[in-house]
Amino acid sequence: MDVDVKGNLRKILNELPDGVRLVAVSKYHPNESIMAAWEEGQRVFGESHVQELSRKVAELPNDIEWHFIGHLQTNKVKYIAGYISMIEAVDSMKLLREIDRQAAKHDRVIDVLLELHIAEEETKYGLTLDACRSLLAEGEWKELSHVHICGLMMMASYVEDKQQIRNEMMEAANFFDEVKTTYFADDPKFCERSWGMSHDYPIALECRSTLIRVGTSIFGERIY
Ligand SMILES: *Cc1c(COP(=O)(O)O)cnc(C)c1O
């Protein structure tokens, strides 16, 4: 490994203000890289493919908290429901329902975040603010006793323009306040704002992020 995983990790952890946690995004990186971060004390890792995650879970220490950060197909929830710590990118009622159903089978409550689509980029994933408002207003989520909505997640546009990134993240932060006040004022667990990746996490820290998801700046370039 020619990348200084431990040094990179320490540098990022040193920049984090109180109340912000790091999700070390280990997708496409080998077990030895993950173990280097683990030896440095990192316990929260993010993956976005079910097969790769399942293999790593079997091979790596069981005190790791795995966050699923990618788009999750409904038919794959069952493979991760037994152990996943958080599913970050929930963008439909259908997916939320299936997570609830599979979590119930394992007698667990799975923490989830709702994924927002704020970036300009065309993507099929994430809820627009209005779609998220509708999902919450409709109220079915309140009856699901095996999922807990813990906050919001988003990816800013992949652009050079820092002001644009900042605007998008602030839109998400303000929307968090709206949702918190309207639906989760009495729920201390609704507290997570997951934004910020390798290229934009310093901006995310200024935009009230509580979870940054960083891969490349810790582990180096991914080899696909
Ligand atoms: C891959 C990925 C990241 C990490 O990206 P880096 O640029 O390597 O830090 C963060 N969030 C999501 C949703 C990802 O898929």
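In listed order, ligands and their atoms are each counted from 1.
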Name all residues meeting the side-chain contact (heavy atoms from CB on, under 4.5 Å) criterion together with Glu143; count only those two or more places apart in sequence or in a different chain, and write none if there are none.
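Applying side-chain contact (heavy atoms from CB on, under 4.5 Å) to Glu143 gives none.
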Sequence-distant partners of Asp100, side-chain contact (heavy atoms from CB on, under 4.5 Å), two or more places apart:
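So Asp100 forms a side-chain contact (heavy atoms from CB on, under 4.5 Å) with Leu144, His146, Val147.
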Near ligand 1, at a heavy-atom separation below 4.0 Å: residues by chain and residue number
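Residues within 4.0 Å of ligand 1: Val25, Lys27, Ile69, Met153, Met155, Met197, Ser198, Arg213, Val214, Gly215, Thr216, Arg222.
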Reported NZ-to-CH2 distance for the pair Lys56 and Trp66, which is rounded to 0.5 angstrom
6.5 Å
I need the full list of side chain to side chain donor-acceptor pair (under 3.5 Å) pairs touching residues 37-46, with sequence neighbours left out, sorted by first then second residue.
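Only Lys6-Glu39, Arg10-Glu40, Trp38-Asp63, Arg43-Asp63 qualify under side chain to side chain donor-acceptor pair (under 3.5 Å).
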From the options Leu152, Thr210, Leu116, select the one residue that forms a side chain to side chain contact (heavy atoms under 4.5 Å, CB included) with Phe176.
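Result for side chain to side chain contact (heavy atoms under 4.5 Å, CB included) with Phe176: Leu152.
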Answer yes or no: does atom NZ of Lys76 have more than 12 heavy-atom neighbours from other residues, nucleotides or ligands under 6.0 Å?
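Open.
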